[in-house]
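First the structure, in the form of structure tokens, and then the observations on it.
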Amino acid sequence: MRLSISYRMHFRYSEAVSESQNEVRVRPRSDERQQVLSYRLSSLPELPVLSVIDYWGTCVEHLGVRTPHTELELLAEAAVETEPSPAMEVAPAAQTLVDEGFRSEHYEYLAPSAHVCWEPGDAVAGLAAVAVADAVSVPEMVTAVVAEVRSALRYQQGSTDIGVTLPELLAGGEGVCQDFAHLAAGMLRSTGVPTRYVSGYLFALDETAPVAGAVDAVDSAPEGAVSVQTHAWIEAAIPGWGWWALDPTNGGEVGERHVVIGCGRDYGDVPPVRGVFAGSGTPEVDSEVVIGRQADDGPENPAGASARPRPVRVVAQNPNRRDQQSAQQQ
């Protein structure tokens, strides 16, 4: 499937700020399942971009403004070709998870992290233990936990903010896609399944049914495209197989409608945008994503920049000097 993606981010400040520095993680990666055909990141005002690959293998683009300004607009445009994920062809026994070589290779995805934290015997670990009690293979453990997450949480856009804990999620019973991914990762890690958090896009124009956490406002997007939000899902390490990608928010395996940006231990490793500024103004951030499907022989042009989808909800934390600006995945 060939997809065009346009991701616009608009920063506004109530008063002029003297400087702002931002790092952006929105460029799709190229791997065995998807290939980036074209990509560009532009800005107003026009700024030089420094691109690096971080520890987790994600492309990070750095942009900075060192003159007084009240607005900054970024536009990332990409064309990506995706393929379906390979079918799971192995069913290693749950006992294979205790192999020391396997655990050592994936130790970073077994330990608690800032947004995926639990304690032995707490509600998160207890719910996971019950979910996998009858599973005899690792894939059965993973699907059982994903099913339990979907039973424990109800998708509700805007119901949580960045930083909600896993126990708070369980107590509240609702969340957005990053919450589903965090809870699934915590539950799986507590049972010994290495799990990483994935940030990306989801094209959800489907003739069958709407997809929770993806469709925003079809009628406000151009023909052949939908307004969506950046999405999040998980990948679980299967002994003898590799990483198996599943979407806890929507259920089922990740497919060619999913476009990966990057992965890490949790959201904190792959936020779409993060930055700081110097000044006393209060920040306001809007972002919008438009994804369109291209014909296989069509031009490799990003989604039309003139689209006017509904803005995605974005959280601007701590509106003081040197603020951090961070876009929440819905």
Rounded to the nearest 0.5 Å, what separates atom [atom1] in [X] from atom [atom2] in [Y]?
{"X": "Q156", "Y": "D179", "atom1": "CD", "atom2": "CG", "result": "11.5 Å"}
{"X": "N22", "Y": "E61", "atom1": "CG", "atom2": "CD", "result": "12.0 Å"}
{"X": "H10", "Y": "L74", "atom1": "NE2", "atom2": "CG", "result": "9.5 Å"}

With a cut-off of under 6.0 Å to the ring centre and 45° to the axis, is R27 in cation-pi contact with Y39?
yes
Just so I know, are the side chains of R25 and S199 near enough to count as touching, which here means a heavy-atom distance under 4.5 Å?
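R25 vs S199: side chains apart.
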Note, L202 side chain near D247 side chain (heavy atom, < 4.5 Å)
yes
May I ask you to decide if the ring planes of H258 and H231 are parallel, tilted or perpendicular, using 30° and 60° as cut-offs?
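Plane angle between 30° and 60°, so tilted.
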Taking the inter-plane angle between the rings of F180 and Y155 on a 0 to 90° scale, is it parallel (under 30°), tilted (30 to 60°) or perpendicular (over 60°)?
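Because their plane-to-plane angle lies in the 30° to 60° range, the rings of F180 and Y155 count as tilted.
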When you measure from the side chain of [X] to the backbone N and O of [Y], does any donor-acceptor pair fall under 3.5 Å?
{"X": "R189", "Y": "T195", "result": "yes"}
{"X": "S30", "Y": "V36", "result": "yes"}
{"X": "E15", "Y": "T282", "result": "no"}

Start with the C-alpha gap between D31 and R29, add the side-chain angles, then the distance that decides, and say whether salt bridge (charged side-chain N to carboxylate O under 4.0 Å, His left out) holds.
CA-CA 6 Å; D31 56 26; R29 74 182 185 194; 2.8 Å; yes
Output, in order, the C-alpha distance, side-chain angles, deciding distance and verdict of side-chain contact (heavy atoms from CB on, under 4.5 Å) for V80 and L37.
CA-CA 5 Å; V80 184; L37 305 175; over 6 Å; no
Looking at R150 and E148, is there a salt bridge between them, counting it only when a charged N and a carboxylate O are closer than 4.0 Å?
no
I'd like to know if E81 and R2 make a salt bridge, using a cut-off of under 4.0 Å between side-chain N and carboxylate O.
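Salt bridge flag = yes for R2 with E81.
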